[in-house]
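Since the structure comes first, as structure tokens, the remarks are kept for the end.
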Amino acid sequence: MNNCKGLTAAFSMLAMLTCLGPQAHAAQCGNGPGGFEAWKQQFAGEARAKGIGAAGISALMGTNYAQATINADRSLHSFKLSLNQFMVKRGAAAIVARGRSMKQRNAALFASIEQRYGVPAGPLIAIWGMETGFGSQHGNQNMISSIATLAYDCRRPEYFTDQLYAALKLIDRGTLSASQRGSMHGEIGQTQFLPKTMLEYGVGNLESASGALSSTANYLKAHGWRPGAGYQPGQPNFAAIQEWNAASVYQQAIAIMGRQIDGGE
């Protein structure tokens with residue numbers, strides 16, 4: 001009986017170690033380019049085990065360490081400004097002025113989006129203007145290299161690992177290519193969706209105004225937007241804007257600009 005108990009304990013320990021094995025050999029994060037190539041090899045094995053196909057793995061292995069992305073990630077100073085300083089820095093007055101014109105010019109599109117998703121033009125246009133200057137500034141970084149670098153970097157590896165898996169899935173599906181260009185953190189399209197957000201809420205081509213704006217409205221609706229309710233701080237729909245971006249000054253700026261574009265003061 002004692003021997004049997006010993007064998008049972010040994011088998012239990014072996015089973016536990018087997019379960020812990022994948023975590024013990026998980027790709028290790030780093031704080032510089034030195035370990036990036038080894039990390040890619042490790043991550044590729046994990047990605048294959050999660051069902052990522054040949055196109056996604058090929059895209060991963062073709063990535064380069066994106067030093068410009070790391071530099072940008074370490075210098076996000078504008079979100080530390082006061083609300084007034086932030087709005088001046090981001091050109092809020094110009095966004096509102098042009099946004100009113102864009103609302104008139106694309107009235108049918110915004111009416112269709114509001115009918116389907118319940119989100120009015122103002123906040124969508126404010127986001128559109130803030131993110132890419134109404135589609136004029138998409139970024140010129142290799143999307144998959146930026147995201148792979150951030151998944152490898154020790155600052156926020158869990159968050160960007162999820163983004164990397166989403167990007168690889170989209171590449172496998174043919175929705176994105178390995179050469180896709182984006183902003184410093186891998187955001188793509190006219191309202192700057194990260195891959196996981198695109199996978200979950202994307203509607204149509206995010207490089208087009210209609211696809212990007214519809215996707216943004218779909219995101220806000222999915223995060224609790226209520227048709228006809230207000231979206232200023234303290235009103236029901238402000239919570240959906242808070243889900244779009246974590247920075248308080250950004251959230252308030254979108255609410256203020258949206259109200260002004262929609263005809264309020």
Side-chain angles (χ1 to χ4, degrees), residues 87 90-140 143 166 170 173-177 180-183 186-245 250-265:
M87 292 186 71
R90 300 299 287 265
I95 290 173
V96 169
R98 191 174 172 199
R100 288 171 173 166
S101 173
M102 299 294 278
K103 180 180 177 180
Q104 291 181 338
R105 192 182 312 167
N106 299 280
L109 171 62
F110 287 112
S112 173
I113 290 174
E114 184 166 9
Q115 182 177 21
R116 181 169 184 179
Y117 300 104
V119 183
L124 296 177
I125 294 173
I127 289 170
W128 189 21
M130 182 88 84
E131 294 288 354
T132 64
F134 305 102
S136 66
Q137 303 165 13
H138 290 214
N140 197 33
M143 177 273 296
L170 289 165
R173 295 178 184 181
T175 306
L176 295 178
S177 73
Q180 173 74 42
R181 312 305 287 183
S183 294
E187 308 96 329
I188 59 174
Q190 293 203 24
T191 53
Q192 299 285 272
F193 272 38
L194 282 166
K196 187 177 179 183
T197 312
M198 179 180 176
L199 193 64
E200 295 174 343
Y201 306 106
V203 178
N205 180 7
L206 295 182
E207 302 294 343
S208 72
S210 61
L213 293 165
S214 294
S215 297
T216 304
N218 187 41
Y219 178 95
L220 293 173
K221 178 183 178 181
H223 287 81
W225 193 280
R226 289 163 46 186
Y231 55 84
Q232 298 306 297
Q235 295 180 328
N237 287 329
F238 188 68
I241 293 175
Q242 290 177 303
E243 292 294 331
W244 177 264
N245 190 292
Y250 186 106
Q251 299 160 1
Q252 294 174 74
I254 291 300
I256 292 168
M257 288 189 288
R259 181 184 66 210
Q260 293 173 346
I261 292 167
D262 276 338
E265 292 301 325

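The structure presented is a predicted model; accordingly, all values stated were derived computationally and were not measured. All heavy atoms count here, side chains included; hydrogens, waters and symmetry mates do not.
Judged as a side chain to side chain donor-acceptor pair (under 3.5 Å), and not counting sequence neighbours, the contacts of S101 are R105. Residues passing the salt bridge (charged side-chain N to carboxylate O under 4.0 Å, His left out) test with K221, sequence neighbours excluded: none. Residues passing the ring-ring contact (aromatic ring centres under 6.0 Å, His included) test with F134 are W128, sequence neighbours excluded. Under the rule for a ring-ring contact (aromatic ring centres under 6.0 Å, His included), the partners of F193 that lie at least two apart in sequence or sit in another chain are W244. Applying the side-chain contact (heavy atoms from CB on, under 4.5 Å) test to A217 and every residue at least two apart in sequence or in another chain returns I113, Y117, V119, L124. Every residue two or more places apart in sequence or in another chain was checked for a side chain to side chain donor-acceptor pair (under 3.5 Å) with R173, and none qualifies. By the side chain to side chain donor-acceptor pair (under 3.5 Å) test, Q252 is found to be paired with S248, residues two or more places apart in sequence or in another chain being considered. Remark: S177 engages S179, Q180 in a side-chain contact (heavy atoms from CB on, under 4.5 Å) (not counting sequence neighbours). Residues satisfying the side-chain contact (heavy atoms from CB on, under 4.5 Å) test with P236, not counting sequence neighbours, are R226, A229. By the side-chain contact (heavy atoms from CB on, under 4.5 Å) test, E243 pairs with Y219, H223, sequence neighbours left out.
With hydrogens and angles left out, the side-chain atoms of S183 and Q192 include a donor and acceptor closer than 3.5 Å.
Within the 4.5 Å cutoff, the side chain of I241 has no heavy atoms near those of the Y250 side chain. Side chains of M198 and T175 form a contact here, defined as non-hydrogen atoms less than 4.5 Å apart. Residues F238 and P233 have side chains in contact (heavy-atom distance under 4.5 Å, counting atoms from C-beta outward). I127 has its side chain out of reach of N245: every pair of non-hydrogen atoms, C-beta onward, lies at least 4.5 Å apart. Residues H138 and R181 form no side-chain contact, since every pair of their non-hydrogen atoms from C-beta on lies 4.5 Å or further apart. Residues T191 and L206 are not in side-chain contact: their nearest non-hydrogen atoms beyond the backbone lie 4.5 Å or more apart.
Within the structure, no pair that satisfies the salt bridge (charged side-chain N to carboxylate O under 4.0 Å, His left out) test touches residues 109-136, not counting sequence neighbours. The salt bridge (charged side-chain N to carboxylate O under 4.0 Å, His left out) pairs that include a residue from residues 187-201 are D162-K196, where partners are two or more places apart or lie in different chains.
Between the side chain of N218 and the main chain of S214, no donor-acceptor pair closer than 3.5 Å is present. Side chain of T132 to main chain of Q137: no donor-acceptor pair is present (N/O by atom type, distance under 3.5 Å, no hydrogens or angles).
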